[in-house]
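Below: the structure, in structure tokens.
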Amino acid sequence: MPIGVIAAAIFVSAFELFWLQPLFSKMVLPLLGGSPSVWNTAMMFFQLVLLGGYGYAHLLIHRVPRLRWQFLVHAALFAGGLCFLPFAVSRGLVPPTGVSPIPWLVGLLAVSVGWPFFALSASAPLLQSWFSRSGHRLGGDPYFLYAASNFGSLLALLSFPILFEPHLTLMGQGKMWAAGYDVLLLILLVAGAFLLRADERTPLSPATDMSAARPAIDWRERAIWIALAFVPSSLLLGVTTYISTDIASAPLLWVVPLALYLLSFIVAFARHHLLKPEWTLKIQAAGIVGVCAMVMQSLIFLRGNFVYMVASIHLLTFLATAVVCHTELARRRPAVEGLTAFYFCMSIGGAAGGIFNALIAPVIFTSDYEYYLALVGACALRVFVGGERKAFAARDFLYPAILGLTVVAVAFHSVDNTSVALLGRLVFFVVGAVILYSFAERPLRFAMGVAAVIGGAVLVQSSVDVLHTERSFFGIYKVKRLDGGRRLALIHGTTMHGTEFTDPRLRREPLAYYARSGPVGQFFALDGIRPSVAAIGLGTGALACYRRPGETWTFFEIDGAVERIAREYFHYLADCGGDTKVVLGDGRLSLKAMPDRQYDLIVVDAFSSDSIPMHLLTKEAISLYLQKLRPGGVVLLNVSNLYLRLEPVLTAAIESAGVAGRRQEFYPTARQTADGASSSAWMAIAARDADLAFLAPEKRWQNIRPQPGGKPWTDDFSNIISAIRW
């Protein structure tokens with residue numbers, strides 16, 4: 001029997017499986033405001049279906065005695081998936097508002113791609129199990145075929161942002177995916193023919209009879225399998241949320257952590273060890289210490305870190321942890337008789353990690369503590385990895401407690417003193433890192449040390465000067481006092497999305513992006529009355545203080561939590577807003593439902609931490625804004641971003657639409673910064689150049705510059721690689 005046919009079937013099924021995940025998630029992303037939680041929820045769904053697929057494979061192997069019937073059942077199931085192809089997401093769908101969209105999203109995933117994904121997820125373990133019964137000389141240990149599965153998965157994830165996304169539309173990819181599914185069905189039929197012929201020639205024996213008595217696997221061992229799979233799965237979602245919240249919720253930033261996750265399986269299940277376990281343990285320990293240092297840097301000393309360096313350290317630590325856990329899983333894998341049970345337990349751990357991060361953590365935690373807990377769990381799991389186990393000692397709790405109290409003391413000392421000397425910070429970090437790394441030889445002590453360091457920093461950061469913390473599907477929000485109580489700030493992720501003076505005499509003054517010295521202030525100072533104004537994105541509501549008598553304003557805000565915070569903790573809406581309305585729902589979908597030629601000004605200022613939802617920047621989005629404007633109307637867009645160059649994207653869309661535009665990058669002076677202004681980048685768009693003539697007196701508003709080779713993003717196409725600030 002040609003082993004290449006089996007390997008090809010496993011490779012293609014894995015390729016299709018992991019191409020589908022970012023493809024369909026990107027299709028549904030615009031319906032939910034571009035929130036990073038879309039990917040977490042989708043991953044949870046896919047992990048649950050994978051669990052169901054592995055469970056189905058296990059039952060089929062052990063409840064249906066003959067290979068012929070096993071193959072016929074699975075072939076029929078696989079063929080049934082053709083009824084759902086090609087898949088697509090209707091732009092007319094509208095998610096619920098005012099409640100969690102998770103059930104709606106899970107239902108959409110289930111009815112759209114649930115059946116094909118289920119069939120694909122069961123194929124790899126079934127093919128490996130069938131191969132073990134083929135009589136092939138390598139059939140006694142088919143785990144090496146897992147490498148073909150992981151290679152196919154990894155290639156799909158790398159191909160999506162590098163090959164597919166820059167050159168193909170989403171609809172085109174969907175059709176190609178459906179063609180790949182058809183090809184895989186043919187390969188499965190060919191592989192099945194070889195397997196059935198081999199099964200007829202190979203007499204069943206205790207080694208190959210799947211119904212024969214098998215050595216028992218105790219529940220303790222199964223629990224260890226599940227734990228070793230749970231922690232990397234939870235860390236995967238935690239790392240992905242961290243990166244995509246600050247940069248952009250886009251497939252490129254989804255697939256990098258997932259690719260590393262799969263790479264760890266390739267390393268762990270290779271026939272020959274690619275890394276010595278002791279090296280991986282040292283790298284993991286150093287990485288976790290580095291993550292702790294960055295957490296303290298940002299939470300205690302309020303100092304930012306270069307995002308790409310931070311992302312690299314987090315991803316390296318995640319990879320090392322996944323390799324440690326998955327290598328131990330590979331070492332503990334059972335004989336071929338327990339193959340499907342082993343994969344089923346692994347999928348239980350993976351699905352549990354997804355459920356914990358997507359469903360449980362947002363309910364029980366007000367911030368992203370699940371990521372820190374997974375790091376602590378990773379330290380604790382080192383107890384199962386090689387070496388001699390050390391008995392628990394009182395010092396395993398005492399030393400971490402002393403270290404944690406030290407961190408709390410330093411944090412309280414620094415909370416109102418952000419100008420702590422560089423030398424003092426350096427000494428604190430070096431000494432703390434050396435002490436924490438010395439705990440690594442004792443897993444319990446290391447876990448307690450990491451918990452104490454991060455817990456101490458989080459305790460101070462979340463309690464001192466923080467008035468409110470709230471978590472929703474769309475993000476984590478904090479209301480915090482700044483400058484000794486002089487200002488109040490709304491913080492989403494790592495980015496401030498509005499501030500307000502606490503002095504009642506000053507609290508009508510727009511600050512930050514909306515300062516009167518900046519582009520927004522200049523725009524409204526030069527502009528006249530705009531009878532009807534729409535704003536996508538509420539924030540603190542500071543924009544409302546530019547409202548003039550006789551104007552009707554409407555804010556479109558996707559998250560009800562933001563509206564509650566704006567009304568309960570800030571005063572812009574109450575003091576300036578008058579009868580300003582707030583409409584809950586995705587801004588673009590809500591605006592689409594409004595009558596055409598309704599508004600004189602549309603302000604687009606929606607963000608998730610530092611990233612703007614990409615579906616608000618597409619060619620179709622620009623067309624929608626212009627469609628809703630009255631003659632002479634203007635669209636004002638905030639394109640500020642630390643990590644993406646969004647102006648070329650908008651410029652290409654403006655040129656493609658044949659409309660006019662202006663741009664300004666604003667950098668405040670020291671005096672303006674002291675008065676509450678912050679740097680920002682804005683663009684103004686109108687149907688005719690004459691509609692923007694009122695900006696001519698302000699020379700900082702410039703004509704847009706043509707961008708050579710620029711290609712506008714559409715609802716069906718975007719290329720984030722071209723927009724990254726490398």
On a heavy-atom basis, which atom in L526 and which in P697 lie closest, and how many Å separate them?
CD2-CB, 4.2 Å
Taking the side chain as every heavy atom from C-beta outward, state whether I536 and Y625 have any atom pair closer than 4.5 Å.
yes
Determine, step by step, whether D605 and L543 satisfy the side-chain contact (heavy atoms from CB on, under 4.5 Å) criterion, reporting the C-alpha distance in whole Å, the side-chain angles of both residues, the deciding distance to 0.1 Å, and the verdict.
CA-CA 10 Å; D605 186 29; L543 201 60; 5.8 Å; no
Is it the case that T241 and N40 place a side-chain donor and acceptor less than 3.5 Å from each other?
yes
Check for a donor-acceptor pair, side chain of T502 on one end and backbone N or O of R486 on the other, with a separation under 3.5 Å.
yes
Taking all atoms of both residues into account, what is the closest heavy-atom pair of G632 and R530, and its distance?
O-NH1, 3.2 Å
Residue pairs, two or more places apart or on separate chains, that pass ring-ring contact (aromatic ring centres under 6.0 Å, His included) and touch residues 668-697:
F523-F694
Does R662 come within less than 4.0 Å of D689, counting only side-chain N to carboxylate O?
yes
If you look at every heavy atom in K478 and S367, which pair is closest and at what distance?
NZ-OG, 3.6 Å
Closest heavy-atom pair, M27 versus L170, reported as atoms and distance to 0.1 Å, is CE-O, 3.5 Å
Calculate, to the nearest 0.5 Å, the distance between atoms CZ and CD belonging to F365 and E370 respectively.
6.5 Å
Can you give the donor-acceptor pairs under 3.5 Å from side chains of residues 572-580 to other protein atoms, not counting sequence neighbours?
| residue | atom | partner | partner atom | Å |
| --- | --- | --- | --- | --- |
| Y572 | OH | T499 | O | 2.7 |
| Y572 | OH | E509 | O | 3.1 |
| D575 | OD2 | R507 | NE | 2.9 |
| D579 | OD1 | R547 | NH2 | 2.5 |
| T580 | OG1 | G577 | O | 2.5 |

Do L488 and L467 touch side chain to side chain, with heavy atoms closer than 4.5 Å?
yes
Given T540, which partner from the list V479, L490, L511 fulfils the side chain to side chain contact (heavy atoms under 4.5 Å, CB included) test?
L490
Just verifying a value: how many Å separate S532 OG and R597 CZ, rounded to the nearest 0.5 Å?
13.5 Å
Could you go through the side-chain contact (heavy atoms from CB on, under 4.5 Å) check for F474 and S37 one step at a time?
CA-CA 7 Å; F474 301 99; S37 295; over 6 Å; no
Set of residues satisfying side chain to side chain contact (heavy atoms under 4.5 Å, CB included) with respect to Q627, sequence neighbours excluded:
D596, L624
Contact summary for N638 and S640, nearest pair of heavy atoms
OD1-OG, 2.7 Å
Nearest heavy-atom contact between R588 and A621 is NH1-CB, 3.9 Å
4.5 Å side-chain heavy-atom contact, I622 and L650:
yes
Check against side-chain contact (heavy atoms from CB on, under 4.5 Å), N357 and M44
CA-CA 8 Å; N357 279 56; M44 176 198 68; over 6 Å; no
Has S656 got a side-chain atom pairing as donor or acceptor with A652's backbone, closer than 3.5 angstrom?
no
Tell me, do V520 and V603 make a side-chain contact under 4.5 Å, heavy atoms counted?
no
I'd like to know if R630 pairs up with D600 as an ion pair, taking the criterion as any Lys NZ or Arg NE/NH1/NH2 lying under 4.0 Å from an Asp or Glu carboxylate oxygen.
yes
For a 4.5 angstrom cut-off between non-hydrogen side-chain atoms, does D675 reach R516?
no
Gap separating the CG atom of L31 from the CG atom of L589, nearest 0.5 angstrom
6.0 Å
If you count the non-hydrogen atoms of other residues, nucleotides and ligands that lie under 6.0 Å from NZ in K619, is the total more than 12?
no
How long is the gap from CZ on R471 to OH on Y477, to the nearest 0.5 Å?
11.5 Å
Does Y546 reach the side chain of V533, with side-chain heavy atoms less than 4.5 Å apart?
no
CG-CD1 distance between L692 and I685, expressed to the nearest 0.5 angstrom:
9.0 Å
Sidechain-backbone polar pair: T41 side chain, I102 backbone, donor-acceptor under 3.5 Å
no
Can a donor-acceptor pair be found, under 3.5 Å and without considering hydrogens, that links the side chain of E557 to the backbone of E563?
no
Trace of the side-chain contact (heavy atoms from CB on, under 4.5 Å) decision for M43 with S25:
CA-CA 9 Å; M43 279 296 294; S25 297; over 6 Å; no
If you measure only the distance, is there a donor-acceptor pair under 3.5 Å linking the side chains of Q522 and Q664?
yes
What I'd like to find out is whether the side chain of V28 reaches to under 4.5 Å of the side chain of V38, using heavy atoms alone.
yes
When you compare the side chain of F524 with that of L601, does any pair of heavy atoms fall below 4.5 Å?
yes
Using 0.5 Å steps for rounding, measure from the CD1 atom of I565 to the NE2 atom of H468.
4.5 Å
Are T714 and D716 linked by a side-chain donor-acceptor pair shorter than 3.5 Å?
no
